[in-house]
2 protein chains.
Amino acid sequence: MTRNDSDDPRSTAVDQLEAFGLSTYAARTFVALASLGEGTAKDVSALAEVPRTRVYDATAELREYGLVDVQQSTPKRFTAVSAETTGRRFRREYTRRADLLTNALDEIEPASPNAEQRGVWTVTGREMVSDRVVEFVGGASEEVVLVTLETLLTDDVLAAVRAAIDRGVTVRVSGMDFSATEGDIDRLPDGCGFESSRAWSGVPAGRLLMVDRRRTLASVLVDGDGEHPPDARDETAIWGAGENNSLVVVLKAMFAWLNGGRE
Amino acid sequence: MTRNDSDDPRSTAVDQLEAFGLSTYAARTFVALASLGEGTAKDVSALAEVPRTRVYDATAELREYGLVDVQQSTPKRFTAVSAETTGRRFRREYTRRADLLTNALDEIEPASPNAEQRGVWTVTGREMVSDRVVEFVGGASEEVVLVTLETLLTDDVLAAVRAAIDRGVTVRVSGMDFSATEGDIDRLPDGCGFESSRAWSGVPAGRLLMVDRRRTLASVLVDGDGEHPPDARDETAIWGAGENNSLVVVLKAMFAWLNGGRE
DNA sequence: TCTTATTGTGATTATCCGAGTGAACGGCTG
DNA sequence: CAGCCGTTCACTCGGATAATCACAATAAGA
């Protein structure tokens, strides 16, 4: 079983093509044609483990996607487009799909300012938590307070923070780990006067966020509940919204306390 | 049956979510939550036509994608992330997938310069033909000659042409219809000395392309074989590669002829 | 405390789609 | 003319998912 390993380019190509909606025959046929450059149904069948009689369906499907061209002769000959063209093709289609989805959802979302909720919501996964941070910072109109590990200050988050600052929002960002504060805060435009670190030494590492004193989020890293890469699903967060939300009240008090009684 | 029309935002949202790999239950559940903002399994079931007992699976699936947050109470409450976050989520994932695919295919493609093929290949669909044009122009090392309708000079093609010019390739572009030549050729940096039009008045409208005198493409618009929008699948092209390829020979002669016997 | 309605979880069945296989048709070649 | 190869079509099988049901757990009310 040395064939078909996980990091074999052929396998990954087939997987991705299937994710983009192709049938397995079509996907296998395409990578075979990409390897051959050009070939007949017999060639493809031999290399791709696709039944000869089905190569025609597969190439027809690929032709619809514009990934394969056909030579009308006997035997028919097929050729695959270049890797760049393939990538461009799907990139276009799926960014278009994402735009469609965003617009459709925008029309659906309730116009009402979504009466502030009570209770505490949970999120799992580093990327997912980052998404919430970006979303909440993006919705800030007055004030953002963010305390975070340097590792978690991804480009997404930084972009959202910069956008908020440009929008005229008062933003204060602080690192939780000591080494961090120097490295990355530079990447932010001024207006981040928090006293860097030290105060957070006893707090479990993660993030704390407060937006307009009406929406807060707290997360911790749970490093490794058995997941393979210690990078994927290792952050869990809770968040809440609304003036009287319990989590909001607690974190609001906490920030005020650590900020030296101001407010 | 006035519900669930084709351009209903809800339907399009569900369709796109399914295209992104979600189950139909998950997709319907998500749009229901997007409408409600927040709700219980019962609420979702009533609005989304999803069996109540399956809402829990659907929300679990959505939670994996980071699209839904859960409130651990009885009854459980669910909430959907914003439209922008949803779009960002899928945009990221699928551009990443496209990159993976491109890289994998790059490793697969035969290192050999792909001994020039004989025979004539066919492509169908306007976008697909544009992709071939971009691919061929992108592979040009010396000379590009392109005659095209103005309508078909999309941004993709223009970008490829500009890249070729910057690369030091001799490029000549000409419009087939009279009105065109003025409007768009301006968008190209010089080096396009073709005598604009007139010579092509009798030729069926479409495109003609020659790259390095070794690769040619010819297309025509077949306007309307029953397709709904007169815009999608209405162009068919043939192309060939190799010094002795019949199509290459013919088009090479044709270009030389129309260019006044030069070469 | 007991009852009852409602919520959450799991197992079961039905339905659909696609992979895989084989047979039939037609054109090319010896 | 006959056999062979290429091509297409029709069919079966299996896996996945939609849909239904049965049951356990919880909360509200008498």
Side-chain angles (χ1 to χ4, degrees), chain A residues 4 10-11 13-33 36 38-65 67-79 118-122 124, chain B residues 4 10-11 14-33 36 38-65 67-79 119 121-122:
Chain A
N4 201 15
R10 288 202 164 78
S11 301
V14 169
D15 290 344
Q16 299 313 317
L17 287 167
E18 287 182 351
F20 281 117
L22 294 186
S23 72
T24 64
Y25 281 167
R28 289 215 282 258
T29 296
F30 184 77
V31 301
L33 281 175
L36 293 170
E38 170 191 342
T40 69
K42 182 190 267 183
D43 303 333
V44 172
S45 170
L47 182 60
E49 306 198 3
V50 172
R52 261 179 293 275
T53 69
R54 277 310 184 85
V55 174
Y56 304 101
D57 304 302
T59 49
E61 184 179 341
L62 290 167
R63 227 179 82 94
E64 304 253 308
Y65 283 89
L67 300 180
V68 160
D69 294 341
V70 185
Q71 202 174 92
Q72 287 296 354
S73 57
T74 57
K76 283 186 175 177
R77 300 191 70 79
F78 307 100
T79 187
R118 70 185 58 217
V120 175
W121 304 88
T122 62
T124 311
Chain B
N4 201 16
R10 288 202 165 79
S11 303
V14 169
D15 290 344
Q16 299 312 317
L17 287 167
E18 288 182 350
F20 280 118
L22 294 185
S23 71
T24 64
Y25 279 168
R28 289 215 282 258
T29 296
F30 184 76
V31 301
L33 280 176
L36 293 169
E38 171 189 341
T40 69
K42 182 191 267 182
D43 303 334
V44 171
S45 171
L47 182 59
E49 306 198 3
V50 172
R52 185 188 60 82
T53 64
R54 297 287 94 202
V55 172
Y56 303 100
D57 303 281
T59 49
E61 183 180 341
L62 290 167
R63 225 178 83 94
E64 304 254 308
Y65 283 91
L67 300 180
V68 159
D69 294 342
V70 184
Q71 203 173 91
Q72 286 296 354
S73 58
T74 57
K76 284 187 176 177
R77 302 191 69 79
F78 308 100
T79 187
W121 304 87
T122 62

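Source: prediction; values computed, not measured. Side chains are part of it too, since the values below use all heavy atoms of this structure and drop only hydrogens, waters and symmetry mates. Letters A, B, ... are given to chains in the order of the sequence lines, protein chains preceding strands, and every chain is numbered from 1.
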What is the distance, rounded to the nearest whole Å, between atom CZ of A:Phe78 and atom C1' of D:dG6?
11 Å
In whole angstrom, give the distance that lies between atom CG of A:Asp57 and atom P of C:dC17.
17 Å
Can you tell me how far C1' of C:dT9 sits from CD of B:Gln72, to the nearest Å?
14 Å
Has the side chain of B:Thr40 got a donor or acceptor atom that lies under 3.5 Å from a matching backbone atom of B:Lys76?
no
Quick one: is C:dT7 close enough that its OP1 or OP2 comes under 4.0 Å of any side-chain N or O from B:Lys76?
no
Closest contact, heavy atoms only, B:Ala32 versus B:Ala48
CB-CB, 3.6 Å
Residue set satisfying ring pair (Phe, Tyr, Trp, His ring centres under 6.0 Å) with A:Tyr56, at least two apart, ordered chain then number -> none
Return the set of residues passing ring pair (Phe, Tyr, Trp, His ring centres under 6.0 Å) with B:Tyr25 (not counting sequence neighbours), or none when no residue passes.
none
Spell out protein contact along nucleotides 10-30 of chain D as letters: B when the base is contacted, S when just the sugar-phosphate is, - when no protein heavy atom is under 4.0 Å; keep the 5' to 3' order.
B-------SBBB-----S---
Could you give the distance from OG1 (A:Thr29) to CG (A:Asp57), rounded to the nearest 0.5 Å?
9.5 Å
Whole-Å distance, A:Arg77 CZ to D:dC5 P, equals 17 Å
Can you measure A:Tyr56 atom OH to C:dG22 atom P for me and round it to whole angstrom units?
17 Å
Determine, stepwise, if the pair B:Thr122 / A:Arg63 fulfils side-chain contact (heavy atoms from CB on, under 4.5 Å).
CA-CA 10 Å; B:Thr122 62; A:Arg63 227 179 82 94; 3.6 Å; yes
Would you classify B:Ser73 as touching base, sugar-phosphate or nothing, given that sugar-phosphate means primed atoms plus P, OP1 and OP2, and contacts are heavy atoms under 4.0 Å?
sugar-phosphate
